[in-house]
Protein chains: 2
Amino acid sequence: MPADLTTQTRKEREFQVREELILTHARRLLIERGFQAWNMEQLAEAVEYSKGTLYQHFTSKEDLVLAVATDSLRNRADWFEKAARFQGSTRERSRAIGFACCEFAEKCPEYFHVEMMLKSASFWEKASEERRQAHSFQGARCWRILNHIVVEAMALNEMPRDSFTAEEATFALVSVTVGSHVMTQEPQIRVQAGITNPMQAVRINQDIVCDGLNWKPLFRDHDYSKTDQRIIAEVFPEAVNWYKA
Amino acid sequence: MPADLTTQTRKEREFQVREELILTHARRLLIERGFQAWNMEQLAEAVEYSKGTLYQHFTSKEDLVLAVATDSLRNRADWFEKAARFQGSTRERSRAIGFACCEFAEKCPEYFHVEMMLKSASFWEKASEERRQAHSFQGARCWRILNHIVVEAMALNEMPRDSFTAEEATFALVSVTVGSHVMTQEPQIRVQAGITNPMQAVRINQDIVCDGLNWKPLFRDHDYSKTDQRIIAEVFPEAVNWYKA
DNA sequence: TTCTTTTTTTGACCAACGGTCAAATATTTT
DNA sequence: AAAATATTTGACCGTTGGTCAAAAAAAGAA
């Protein structure tokens, strides 16, 4: 998020440009090698600064990686917002968010890897309070956008109110999405489940959960292929490579 | 799995006893502190052997931790088997497996933590081929048990065959379960979703997916509380602490 | 029992890496 | 041009996973 350039001094701007340079290279290393298989020395070399300079921006390797993840998460929230504005029924809009999730997984493949590490307390503890808050903030944005659609669906009686609360419904969608992404990463599961297109597998599971929530119109009663094409055309004008009709 | 004691020499038996001692202490450290916050030296001290001896059993710290995880996973598969033998409809039996998952999460809290680490290639690579295979084997057992019930449900027309394949249905259940466990670990999500009982949240999500798969009798049409009590009484005779009616 | 051989255990040692900070370098001010 | 301030650097440190030659223990031979 480029803060307003007018109130910044040249120094501050240079500092920010360098931070983005570091983040870019760190993301590349994360994608290419994961977390362990590179060190701060190598990153310093890549950005053509010394190790000490890196530590002027980040308190630890974990802090840096969390910053990369938060950057990605901000993108996801932005995509969520755009998807939520899709013109259609509440279920169609939640579907657009499902697409945003897949697009996110495709464009920010390092994210889920970092997300897994975030579950371990020791990782989280090594990051700075500032970055932890930034990450929580973007996470909360994503939750709020989806939850808002669920609440609206219940208000419009497109989803029954008596079975589950809006929070339970939102939680179910979030859980199945994360779980599906995690499981599709596992080669063994891919074989056992016969998965050839991971993104499609994720979306099928989202359909199952929405149907389980009785979110009308049900997937099993309704053909969403027209909606899907509109979502791709209107929300993701750039090519979406993972979609198979 | 204690191999047959008769064909083993005394040495071999002692070796095995020591391995179990190491695994026990490693599991305790994993639960108490996670993966990072203890080192091999401390573990060696705890088991009253030297570091070098640990490396006669395990090729690396990761190899050791994978062994702990596989031990737990074997327990889960055993619980799955027991749950699958529950007398009832296919959906009731899948419900019993859902309970087994919760019981597992409660009794082996270190497992999900390790499972997350297994997603990173570098971790997996540091473990020995032998232990990787053992882990895959137990994972496959769990899959097979659940998948078998799904196949049977379709054969008995308790779940429609035309919407999803048996593998897709199994995958959906596995995904939502893993995802729910992962998400309930996250304090922020707990607050946002208003979760007070994580295990109940997991089971709700399983109900939603089963309903989405149109697995009869549907949760929304049927009261499963009697079934739940039977499952607890018959499959988990020891106290189940997390269940709230 | 005593000496020799084999097996097992040990902990000093190594390399790798995240992180620090005094010194060097660059920039700004006077 | 010199002094003052700010920034960058990389040698250095502590920790830790992992190794291996030497020590200790066990087994075997006499």
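Just so you know, these numbers use all the heavy atoms, side chains as well, and skip hydrogens, waters and symmetry mates.
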Exercise. For A:Gln56 and D:dT8, is the shortest distance between a side-chain N/O and OP1 or OP2 below 4.0 Å?
Worked result: yes
For this session: Please list, in 5' to 3' order, the outermost nucleotides of DNA chain C lying under 4.0 Å from any heavy atom of chain B.
Result: C:dT8 to C:dG11
For this session: May I ask you to say what A:Ser60 touches in the nucleic acid, namely base, sugar-phosphate or nothing, with a heavy-atom cut-off under 4.0 Å?
Result: sugar-phosphate
Exercise. Between B:Arg132 and B:Glu129, is there a salt bridge with N-O shorter than 4.0 Å?
Worked result: yes
For this session: Scan residues 29-51 of chain B against DNA chain D and write down, sorted by residue number, each residue with any heavy atom closer than 4.0 Å; if none is found, say none.
Result: B:Trp38, B:Asn39, B:Met40, B:Lys51
Problem set entry | Side chains of B:Thr177 and B:Gln206, donor plus acceptor under 3.5 Å | yes
For this session: May I ask you to decide whether A:Lys107 forms a salt bridge with A:Glu103, counting only side-chain N to carboxylate O separations under 4.0 Å?
Result: yes
Exercise. Going by distance alone, is a donor N or O of one side chain under 3.5 Å from an acceptor N or O of the other, for A:Thr59 and A:Arg131?
Worked result: no
For this session: Give, ordered by number, those residues of residues 111-129 of chain B having at least one heavy-atom distance below 4.0 Å to an atom of DNA chain C; if nothing qualifies, reply none.
Result: none
Exercise. A:Lys11 or B:Gly52: which one's nearest nucleotide on DNA chain C is closer to the 5' end?
Worked result: B:Gly52
Exercise. Which atom names give the shortest non-hydrogen contact between A:Ile22 and A:Val47, and what distance separates them?
Worked result: CA-CG1, 3.9 Å
Exercise. In terms of side-chain geometry, is the basic nitrogen of A:Glu110 or A:Arg28 positioned less than 4.0 Å from the acidic oxygen of its partner?
Worked result: no
Exercise. Any side-chain N or O of A:Thr53 under 4.0 Å from OP1/OP2 of D:dT9?
Worked result: yes
